[in-house]
Amino acid sequence: MDLTLTDGERAFQQECREFMQAEAPRGRVPYDESGRWVEESKRWQRTLAEGRWAVPGWPEQWGGRNATPVELMLYEHELAAIHPPRAINVIGTGWGGAALLRHGSEAQKQKYLPHIPAADEVWCQLFSEPDAGSDLAALSSRATRQPDGSYRLDGQKVWSSIAMHADRGILLARTDPEARKHQGISCFVLDMHAPGITIRPIKQITGESDFNEVFFDGVPIPESDRIGHEGEGWTVAITTLMAERIGLSAGEGTLWGTGPTWQDVLDLYHRRRDAGLLPEGDQGAVLRDEMARLHVQSEALRLTGLRLLSSLAHGELPAAHQGGRLANAGLGGVPSTARASAQIMSVRKLASDIWGQDVHEAVWRLLGPHALASRGEPEAVDDAAWQRAYLFARALTIGGGTTEVQKDILARRVLGL
C-alpha cells in the first residue's frame, strides 16, 4: 500500500482546504419539520458547485475536476473538517450521477447532469419495495410499454430518502415479467412531479421523516428516460449500489461517513473526564476499556479504507465500473483485482456499520442520564446531537445493504462457502 502524496495531490489538498475554510457556513440550521435545513443545504451545494467542489470526481465538462481516488480521499477529509451542512443531493451527486455517467446516453447526460452539482434538481432513489428489500431483484413495480413507446408505471417503493424534496428519481421497475428476475428489470429517470405519484413520509425513531413511501398509479415515463437498454436495468443497478456502498463507507463520520467523527467522540470523552462526569469504579474502567477497543477498531477501519484507496489508485476499480455485464450481481468475468476491491468494500461497510453502532452505545453510557435529555432542554449535551446519532445508528446495519447481505457476499465470494 503506497499513499505517498505527489506535489499535485498536495496542491489539490491545499486548494480544497482553503476553499472549505473560507466558504464554510457560520452556524447551522437544525433539522426540523419546517424544512429550513433544505434551503441551507441547497445554498451550500451551490457554493460548492461554484468552486467546482460539489462533484470533484466528475469530468470537468460536468462541473467536476477529474479528481483521482487519492484526491477524493483528501477532499472527504477536508470536507469533514468543517462539519458541513447536511447533504440534500447526495443521491444525485453520488450514485444517480454515477449511473448516468456510466450508462446514460449523451442526451441524458446533457439533460440531467448540469442540474445536479448545485442541487438545482434534487434526486432520490426508488429501488426498495415492501417485498423486495435485501432481495432487490424480486421487485414487482411494473413499467408497461404503451403504443406510443412510452411506459406506464404502477407499484410502490419504500425507504426512499428525501423523496418528498426530490425533483428526479432513479428508478428500477420490471418491464418483462416473464424473464428471469434479474433480466426483466429496466432503469429509468423518473420525474417526481409527474401525475400519479403519491409520497407519504415515514416518521423515524429520530423524530425525522427522511424516508418515504412512494406510490405510482399510471405514471407516464418517456422512452427517452430509460437508462440503457430495456431489460438491462440490473447492470445499471449494480453501478448505483456499488457507488452507494462506497459512499456509505467513505468519509470520517461514524454514521455512514457523516455525523460525529471518532475524534468528536474522543473530545466528548475528554470534556466529560475533565468535568468529573465519567462513571467511577468498575463502570469507569469498563468504559475506558471500551473506548480503547473502539479506537483500535477505528484505526483498522481507516487502514482498510486506505487499502481500498491504494487499490483504486493503482487502477483496480470496483467491479461495477469494469466493462461487461454482471449477470445476477455476480463478479465473474472481471479481473481478480476488481473482485478484491469489491470484497474490501463489503468488508469495510460490514465492519464500519457494526463499529458505528458500538460507538454510539458507548457514547450513551458515557453521557449517563444526560443522554435522555432532548433538544432544547438545559441538560442536553451538544443540543442532543448525540441522542439523535444514537437513534440514527440503528439504521446502519440495514441501509445500503444489510449486515446479512454483506456477510453473504463475503461467505460466497471470499470464503467460497
Side-chain angles (χ1 to χ4, degrees), residues 31 33 35 38 86-92 94-96 99 122-144 151-175 177 181-182 184-219 221 227 233-234 236-245 247-248 255-256 329 349 353 391-406 408:
Y31 179 93
E33 296 301 322
V38 174
R86 193 173 184 178
I88 183 67
N89 205 25
V90 64
I91 293 173
W95 31 108
V122 173
W123 284 59
C124 67
Q125 181 172 288
L126 302 165
F127 280 21
S128 295
E129 298 184 2
D131 295 320
S134 296
D135 184 12
L136 179 59
L139 63 87
S140 59
S141 290
R142 287 287 307 277
T144 306
Y151 295 85
R152 172 194 167 104
L153 176 64
D154 296 278
Q156 177 187 356
K157 299 292 180 177
V158 72
W159 310 123
S160 299
S161 300
I162 313 297
M164 79 288 273
H165 302 297
D167 303 292
R168 307 287 179 186
I170 183 166
L171 165 80
L172 290 182
R174 190 162 300 283
T175 48
K181 65 179 184 179
H182 291 87
I185 296 171
S186 298
C187 186
F188 301 89
V189 175
L190 183 66
D191 180 356
M192 294 300 291
H193 304 295
I197 298 177
T198 301
I199 300 172
R200 296 178 185 170
I202 300 172
K203 183 69 72 174
Q204 298 150 218
I205 192 173
T206 59
E208 303 162 359
S209 298
D210 285 340
F211 294 123
N212 300 267
E213 295 178 287
V214 185
F215 299 86
F216 312 114
D217 183 11
V219 180
I221 306 177
I227 303 175
W234 192 249
V236 183
I238 294 303
T239 296
T240 64
L241 293 173
M242 294 289 275
E244 180 182 26
R245 287 172 189 172
L248 294 182
L255 305 172
W256 285 330
K349 185 182 186 304
D353 289 347
L391 295 172
F392 184 91
R394 298 301 93 201
L396 296 181
T397 51
I398 301 173
T402 65
T403 292
E404 291 76 15
V405 167
Q406 302 306 316
D408 186 67

Legend entry - Those residues that, when tested against F188, pass ring-ring contact (aromatic ring centres under 6.0 Å, His included) (two or more places apart): Y151
Inset, instruction - To the nearest 0.5 angstrom, please state how far the CD1 atom of I227 sits from the CD1 atom of I170. - result: 4.5 Å
Inset, instruction - First locate atom CG of L153, then atom OG1 of T175, and finally report the distance between them rounded to the nearest 0.5 Å. - result: 11.5 Å
Inset, instruction - Applying salt bridge (charged side-chain N to carboxylate O under 4.0 Å, His left out), name anything that partners R394, two or more places apart in sequence or on another chain. - result: E361
Inset, instruction - Give the minimum heavy-atom separation between Q125 and I91, together with the two atoms involved. - result: N-CD1, 3.7 Å
Legend entry - Residue list, salt bridge (charged side-chain N to carboxylate O under 4.0 Å, His left out) with D217, at least two apart or on another chain: R152
Legend entry - N212 (side chain) donor-acceptor with S160 (main chain) under 3.5 angstrom: yes
Inset, instruction - Spell out, as yes or no, whether a donor-acceptor pair under 3.5 Å connects the side chain of K157 to the backbone of F216. - result: no
Inset, instruction - Could you tell me which residues satisfy side-chain contact (heavy atoms from CB on, under 4.5 Å) with I205, sequence neighbours excluded, listed by chain and number? - result: L391
Legend entry - Partner set under side chain to side chain donor-acceptor pair (under 3.5 Å) for S140, not counting sequence neighbours: E129
Legend entry - Interatomic spacing from CG in D154 to CZ in R174 - rounded to 0.5 Å: 14.5 Å
Inset, instruction - Kindly say whether Q156 contributes a backbone atom to a donor-acceptor pair with the side chain of S141 at under 3.5 angstrom? - result: yes
Legend entry - Contact summary for P130 and V158, nearest pair of heavy atoms: N-CG1, 3.9 Å
Inset, instruction - First locate atom CG of L171, then atom CG of L139, and finally report the distance between them rounded to the nearest 0.5 Å. - result: 8.5 Å
Inset, instruction - Output all residues satisfying side chain to side chain donor-acceptor pair (under 3.5 Å) with Q204, sequence neighbours left out; order by chain, then residue number. - result: none
Inset, instruction - Mind checking the CG-CH2 spacing from L172 to W234? Nearest 0.5 Å is all I need. - result: 7.5 Å
Legend entry - Shortest non-hydrogen separation from M192 to A163 and the atoms involved: CE-O, 4.2 Å
Inset, instruction - Could I get the full list of side chain to side chain donor-acceptor pair (under 3.5 Å) partners for D167, not counting sequence neighbours? - result: H193
Inset, instruction - Using modelled atom types only, decide if a donor and an acceptor are shared between the side chain of R86 and the backbone of V38 within a distance under 3.5 Å. - result: no
Inset, instruction - Name all residues meeting the side chain to side chain donor-acceptor pair (under 3.5 Å) criterion together with D131; count only those two or more places apart in sequence or in a different chain, and write none if there are none. - result: none
Legend entry - salt bridge (charged side-chain N to carboxylate O under 4.0 Å, His left out): pairs with one or both residues in residues 188-202, sequence neighbours excluded: none
Legend entry - Sub-4.5 Å side-chain heavy-atom contact between W123 and I162: no
Inset, instruction - Considering non-hydrogen atoms only, spot the tightest contact between A99 and T240 and give its length. - result: CB-CG2, 3.5 Å
Legend entry - Any pair counted as salt bridge (charged side-chain N to carboxylate O under 4.0 Å, His left out), so long as it reaches residues 133-144, sequence neighbours left out: D135-K181
Legend entry - Set of residues satisfying salt bridge (charged side-chain N to carboxylate O under 4.0 Å, His left out) with respect to R168, sequence neighbours excluded: E121
Inset, instruction - Report the distance from atom CD1 of I197 to atom CG of L126, rounding to the nearest 0.5 Å. - result: 8.0 Å
Inset, instruction - Check whether any side-chain heavy atom of F211 sits under 4.5 Å from a side-chain heavy atom of S161, and report yes or no. - result: yes
Legend entry - Any residue meeting side-chain contact (heavy atoms from CB on, under 4.5 Å) with A393, in chain and number order, not counting sequence neighbours: L255, Q357, H360, L396
